[in-house]
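The shown structure was predicted, so the numbers you read here are calculated from the model rather than taken from an experiment.
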Amino acid sequence: MKKFALYTAGAVLMLAAAACDRDLDLAHAYDNSSSSKPYEFDKDFNFDDYIDFGSFVVSDRVVCEQQPDIPRYSFWLDGKISVGKYDDSGRFTLYWSADNSLRQTSDSPWLEENVNALSAEMEVFGKDLEPVDGFYDGGAWFIGVHKLPDGRLAGFFHAESHWAGSNSAYKSIGVTYSRDNGLTWEKGSRILAGTDPKPENPAGQGVSYGLGDGCVVWNEALGAWICYYSGYCNDPGNYMITMARSTDPAGAAGTWKKWDGEDFTIEGCKRQSQLGGENFKIANLDAYAGGNPSVMWNHYLNKWVMVFHSWSQRICLSTSSDGIVWEAPKSLDLGEEKAMYPNLISEEGDLTGGQAVRLYYAADMNDLGQRSLAWRKVVFY
């Protein structure tokens, strides 16, 4: 892979000095005005081993070895991974998403240190869930898990309904709640849906209907939940990254409005019809059609950071000061033919991070869908 030298020695000193000017304020980890501690470079850190993208650098990749006895061996990653400290134990809980969700507790947030400890007994959402025809009879898995002020956990999930003998999917997004720290979950309700009902039969194999493949974050500055998802937009006639908002403290069904290009005014999911309004693209992000975003508040940049994959299977990265207006994304040429399902994870989890975070993703996917679980370090400057 071609490498680029990022800095001269003098510029390295400037970077270190600038980083040291940032104050540590862990008490405001979820406050959009908080700042970050300086990045402590590894003793073997070498800028020449990083690819420079103008405002951040990306390291060489590391492939995580997977043991053949784990669930979904050679099929990780396949969606959003939620990582956080949801109780007072000091340990992380990881929710691994595939056709259902696995719950794992660990002292480490890093996926490579946890993937080979996965077991089928960890399945908590989707495993014993009674299928709801037209909603999640084809599977349901988390795209964001959050601790609510009332002590419950909110689990926002991607839902699929399928047809017999077909790999096509009718997609939507729902929310469920847990009162025992994620061990058991309620049935769940739909919060975001497409404009059309599920057709009697799909138009062919591998056809997607509805919307989904997203993530959900709490935007403290706006006092709102924001769901970033992939939905069909008439302009430009493709599945694009778009968004919806709820100001309800629990993000409950019936409280979500979709983006109309200027504000959140379009019904996310009508209670009676279980259908939503039209989807509109997000300005600047429409440079690349794609899905499966991962969004994190970065308190080194004081910005939101989003990664998603384009339909050409290239990872894209964008930033935003407010989570609404986004900069034009950069398509990351990492020297790989295929890279999908990106996830940003830091030493704090998947919701917040500092100057250095990790980008996990699925690499080297073959025609059978088998893939490698890989990661790279991303350092902002």
Side-chain angles (χ1 to χ4, degrees), residues 25 28-36 55-56 80 82-84 143-149 154 156 158 173 175 191-192 211-231 233 240-251 255-266 268 279-288 290-309 315-330 342-346 348-355 357 359 378 380:
D25 188 5
H28 295 87
Y30 290 87
D31 184 341
N32 293 1
S33 64
S34 63
S35 57
S36 172
S55 57
F56 59 93
K80 184 75 178 71
S82 296
V83 183
I143 58 173
V145 177
H146 298 262
K147 186 71 171 283
L148 299 177
F156 299 96
H158 171 101
I173 294 173
V175 66
I191 60 173
L192 294 171
L211 55 81
D213 302 307
C215 70
V216 179
V217 299
W218 172 254
N219 188 314
E220 182 68 25
L222 299 179
W225 300 99
I226 305 292
C227 178
Y228 302 96
Y229 63 93
S230 181
C233 300
M240 313 293 294
I241 300 295
T242 184
M243 57 185 170
R245 180 186 69 186
S246 170
T247 57
D248 179 75
T255 68
W256 288 81
K257 299 289 187 179
K258 293 182 179 181
W259 179 246
D260 67 6
E262 297 182 353
D263 201 355
F264 297 93
T265 64
I266 300 173
N279 305 303
F280 284 80
K281 65 186 181 182
I282 301 174
N284 293 331
L285 292 185
D286 60 350
Y288 299 96
N292 289 284
S294 172
V295 177
M296 168 187 286
W297 174 252
N298 188 289
H299 47 71
Y300 173 80
L301 299 173
N302 281 328
K303 289 183 178 182
W304 294 95
V305 179
M306 174 191 293
V307 290
F308 64 95
H309 68 238
I315 295 174
C316 303
L317 185 149
S318 178
T319 60
S320 171
S321 296
D322 61 4
I324 304 300
V325 179
W326 290 85
E327 298 175 1
K330 295 181 179 180
N343 277 261
L344 293 173
I345 297 175
S346 78
E348 304 162 28
D350 76 306
L351 298 178
T352 60
Q355 186 178 7
V357 300
L359 170 64
V378 179
F380 299 97

Could you state the interatomic distance from [atom1] ([X]) to [atom2] ([Y]), rounded to the nearest 0.5 Å?
X: Cys233; Y: Leu211; atom1: SG; atom2: CG; value: 10.0 Å
X: Asn302; Y: Tyr300; atom1: CG; atom2: OH; value: 10.5 Å
X: Thr255; Y: Arg245; atom1: OG1; atom2: CZ; value: 10.5 Å
X: Ile226; Y: Trp218; atom1: CD1; atom2: CH2; value: 9.0 Å
X: Lys257; Y: Leu192; atom1: NZ; atom2: CG; value: 11.5 Å
X: Trp225; Y: Asn219; atom1: CH2; atom2: CG; value: 11.0 Å

Where [X] and [Y] come nearest, the two heavy atoms and their spacing:
X: Ser55; Y: Lys330; answer: OG-NZ, 3.6 Å
X: Ala328; Y: Asn284; answer: N-CB, 3.8 Å
X: Asn279; Y: Lys258; answer: OD1-NZ, 3.0 Å
X: Ile191; Y: Gly251; answer: CG2-O, 4.1 Å
X: Trp326; Y: Ser318; answer: CE3-OG, 3.5 Å

Item to check | Of all pairs that satisfy salt bridge (Lys or Arg N to Asp or Glu O under 4.0 Å), the ones with a partner from residues 279-288, not counting sequence neighbours | outcome: Asp235-Lys281, Lys281-Asp286
Side-chain donor or acceptor of [X] paired with backbone N/O of [Y] under 3.5 Å:
X: Asp322; Y: Val325; value: yes
X: Asp260; Y: Glu262; value: yes
X: Ser346; Y: Thr352; value: yes

Under a 3.5 Å threshold, yes or no: a donor from one side chain and an acceptor from the other, between [X] and [Y]?
X: Gln355; Y: His299; answer: no
X: Asn292; Y: Ser294; answer: no
X: Ser230; Y: Asp213; answer: no

Checklist entry - Going through the distances and angles, do Leu222 and Ile324 end up as a side chain to side chain contact (heavy atoms under 4.5 Å, CB included)? => result CA-CA 10 Å; Leu222 299 179; Ile324 304 300; 3.9 Å; yes
Checklist entry - Do Val357 and Ile345 pass the side chain to side chain contact (heavy atoms under 4.5 Å, CB included) test, and can you show the C-alpha distance, the side-chain angles, and the key distance before you say yes or no? => result CA-CA 6 Å; Val357 300; Ile345 297 175; over 6 Å; no
Item to check | With Met306, the side-chain contact (heavy atoms from CB on, under 4.5 Å) member among Ile241, Leu344, Thr319 | outcome: Ile241
Item to check | With Tyr228, the side-chain contact (heavy atoms from CB on, under 4.5 Å) member among Val216, Leu285, Val217, Ile143 | outcome: Val217
Checklist entry - Can you check whether Val305 reaches Leu317 side chain to side chain, under 4.5 Å on heavy atoms? => result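 Of all side-chain heavy-atom pairs linking Leu317 with Val305, at least one is under 4.5 Å.
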Checklist entry - Does Phe264 have its ring centroid less than 6.0 Å away from the ring centroid of Trp256? => result no
Item to check | Worked verdict on Tyr229 versus His158 for side chain to side chain contact (heavy atoms under 4.5 Å, CB included) | outcome: CA-CA 10 Å; Tyr229 63 93; His158 171 101; over 6 Å; no
Next on the checklist: His309: which residues meet the ring pair (Phe, Tyr, Trp, His ring centres under 6.0 Å) condition with it, sequence neighbours left out?
Outcome noted: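 Ring pair (Phe, Tyr, Trp, His ring centres under 6.0 Å) check on His309 returns Trp311, Tyr341.
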Next on the checklist: Under the rule for ring pair (Phe, Tyr, Trp, His ring centres under 6.0 Å), what residues qualify as partners of Tyr288, not counting sequence neighbours?
Outcome noted: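 By the ring pair (Phe, Tyr, Trp, His ring centres under 6.0 Å) rule, Tyr288 matches no residue at all.
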Next on the checklist: Determine whether Asn298 and Trp304 satisfy the following criterion, side chain to side chain contact (heavy atoms under 4.5 Å, CB included), listing intermediate values before the conclusion.
Outcome noted: CA-CA 6 Å; Asn298 188 289; Trp304 294 95; over 6 Å; no
Checklist entry - When you check the gap from the basic side-chain N to the acidic O, do Lys80 and Asp350 get nearer than 4.0 Å? => result yes
